[in-house]
Undergrad: 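Got a structure for you, questions after.
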Protein chains: 2
Amino acid sequence: MIRLTKAGEYGLRAVRYLVENPDASRISIGDISENKNIPEPFLRKLFKPLVKNNIIHSTRGVAGGVRLARKPEEISVLEVVEALEGPLALNDCLMDDSECEFISECGMHDIWDEAQVAMAKVLRSKNLTELSKP
Amino acid sequence: MIRLTKAGEYGLRAVRYLVENPDASRISIGDISENKNIPEPFLRKLFKPLVKNNIIHSTRGVAGGVRLARKPEEISVLEVVEALEGPLALNDCLMDDSECEFISECGMHDIWDEAQVAMAKVLRSKNLTELSKP
DNA sequence: CGCTATTAGGAGTAATATTCTCACTTATAG
DNA sequence: CTATAAGTGAGAATATTACTCCTAATAGCG
């Protein structure tokens, strides 16, 4: 159906929560889960790639929690989406390790590539401050 | 992962086969399945929405088969994709019957809408003759 | 210092949704 | 009437999403 998965949706929602609460130096995943209505165990897993990609910083222990690793203006929506969902690849033949043997004869590749570039351009042009309306 | 499903990929491949064989007045689904390496029982199902949306014309019985319902220049890639996958809806909040209560406060809707429009524009601008390279 | 409460991280399992396949039914030309 | 090919519904396989329970790190306190 060409759509964002739950992982992407929940992850973005969690990130939005952090952006909207800039005063809190650390917010627990439990808090986010409760406030944004996201299943907690699932949300925990989503933070792993966000931390790995230097979007989120986390600390364990008492008074620990998560926060943005960089300023929200410096993080693009595309970055977050790709961290959560893997690199964009609207069609299999656009994947890095694609073994499609038809590239030279088939126009599909070019069409999907163009569509993907258009989409990525939009997502790359938005930073996290734009997740919330003024 | 934001990608075309197998339904979309197989369906487009089948349609491409019809475009590339304009001389044959009718081609059997079995033929397409064999030539394009698509699981036959699954492919059969994909033709249902294509027929319903007036993209494909089918006849049963001896010497039956499928063919394009209109000239390939008059059918856009977007039409075929939406027939196979349902209307584009990159994010839940873009769906017609969305019950998202955050639209007014959340910038997500606008961002995904913009991304989706960009993508749809590309797919709408391509017709079926462009599925095969010259 | 070392104990304790607290919070992230991770492995493995269960539930659910999606994708795909099989077996059977219906229509049509000859 | 028969052979052929599309059409359909139930069920298997797979991927996604959700949960359980356990481990690791850290701040604060006696």
Side-chain angles (χ1 to χ4, degrees), chain A residues 1-15 17-18 24-69 83-86 89 91-92, chain B residues 1-15 17-18 24-53 55-69 83-86 89 91-92 95:
Chain A
M1 209 208 188
I2 312 193
R3 63 131 42 82
L4 200 61
T5 62
K6 284 288 176 195
E9 186 179 327
Y10 290 160
L12 275 171
R13 225 147 86 193
V15 166
Y17 186 71
L18 294 179
S25 61
R26 291 207 154 16
I27 296 180
S28 82
I29 294 180
D31 269 5
I32 302 173
S33 141
E34 202 174 311
N35 277 289
K36 287 292 183 184
N37 234 329
I38 303 171
E40 188 177 324
F42 190 54
L43 184 58
R44 299 206 103 81
K45 298 223 157 139
L46 299 182
F47 273 97
K48 185 181 178 180
L50 293 174
V51 168
K52 195 181 160 207
N53 286 279
N54 193 33
I55 291 163
I56 293 292
H57 185 273
S58 71
T59 343
R60 295 184 183 184
V62 178
V66 294
R67 63 172 168 81
L68 291 178
L84 292 163
E85 309 240 6
N91 197 355
D92 273 339
Chain B
M1 213 213 189
I2 312 196
R3 63 133 40 84
L4 199 62
T5 63
K6 283 290 176 193
E9 186 179 329
Y10 289 160
L12 275 171
R13 224 146 87 193
V15 166
Y17 187 70
L18 295 179
S25 61
R26 291 206 173 325
I27 296 180
S28 81
I29 294 180
D31 269 5
I32 302 173
S33 140
E34 203 173 309
N35 276 289
K36 287 294 183 183
N37 235 329
I38 303 170
E40 186 178 324
F42 190 56
L43 183 58
R44 301 208 101 81
K45 301 231 154 130
L46 299 182
F47 274 97
K48 186 179 179 178
L50 293 175
V51 168
K52 195 181 160 206
N53 286 279
I55 291 164
I56 293 292
H57 184 273
S58 74
T59 342
R60 294 186 185 184
V62 178
V66 294
R67 63 173 168 81
L68 290 178
L84 291 164
E85 309 241 7
N91 196 356
D92 273 340
M95 288 201 298

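Basis for what follows: all heavy atoms, side chains included, without hydrogens, waters or symmetry-related copies. Order of the sequence lines fixes the chain letters, A, B, ..., with proteins taken first and strands second; residue numbering starts at 1 for each chain.
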Undergrad: Return the value, rounded to whole Å, for the distance between atom CZ of B:R3 and atom C1' of C:dT18.
TA: 14 Å
Undergrad: Side chain to side chain contact (heavy atoms under 4.5 Å, CB included) with B:V51: which residues, sequence neighbours excluded?
TA: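 B:V51 satisfies side chain to side chain contact (heavy atoms under 4.5 Å, CB included) with B:I56, B:S58 only.
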Undergrad: Classify the nucleic acid contact of A:P39 as base, sugar-phosphate or nothing, counting any heavy atom under 4.0 Å across all strands shown.
TA: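 If one applies the 4.0 Å heavy-atom cut-off, A:P39 turns out to touch the sugar-phosphate alone, with no base involved.
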Undergrad: Using the closest heavy atom to pick a nucleotide of DNA chain D for each, name whichever of B:G65 or A:A7 lands nearer the 5' end.
TA: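 The answer here is B:G65.
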Undergrad: Take the protein atom CG of B:L43 and the nucleotide atom P of C:dT19, then report the distance between them rounded to whole Å.
TA: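 The distance from CG of B:L43 to P of C:dT19 comes to 16 Å, rounded to the nearest Å.
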Undergrad: Let me check the geometry of the helix from C:dC1-D:dG30 to C:dG30-D:dC1. What is the bend angle between the axes at its two ends, five pairs each, to 10°?
TA: 0°
Undergrad: Between C1' on C:dT7 and CZ on A:R67, what's the gap in Å once rounded to a whole number?
TA: 16 Å
Undergrad: Could you give the CG-to-P distance, from A:L4 to D:dT16, as a whole number of Å?
TA: 13 Å
Undergrad: Taking CD from B:E40 and P from D:dG7, how many angstroms apart are they, rounded to a whole number?
TA: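 Nearest whole value for this atom pair: 12 Å.
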Undergrad: Quick one, which residues of residues 44-54 of chain A touch DNA chain D with a heavy atom under 4.0 Å?
TA: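 Heavy-atom cutoff 4.0 Å gives A:K45.
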Undergrad: I'd like to check the side chain to side chain contact (heavy atoms under 4.5 Å, CB included) partners of B:L46; sequence neighbours left out, ordered by chain and number.
TA: B:A7, B:Y10, B:F42, B:L43, B:L84
Undergrad: Going by side chain to side chain contact (heavy atoms under 4.5 Å, CB included), name the residues that satisfy it together with A:T59, two or more places apart in sequence or in a different chain.
TA: A:R26, A:H57
Undergrad: C:dA8, C:dC20, D:dA6: which one has an atom nearest the side-chain heavy atoms of B:I29?
TA: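 So the nucleotide nearest the side chain must be D:dA6.
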Undergrad: Report, one pair per line, the protein and nucleotides 26-30 of chain C atoms (nitrogen or oxygen only) whose separation is under 3.5 Å.
TA:
unit_1, atom_1, unit_2, atom_2, d
C:dT26, O2, B:R60, NH1, 3.0
C:dA27, O4', B:R60, NH1, 2.7

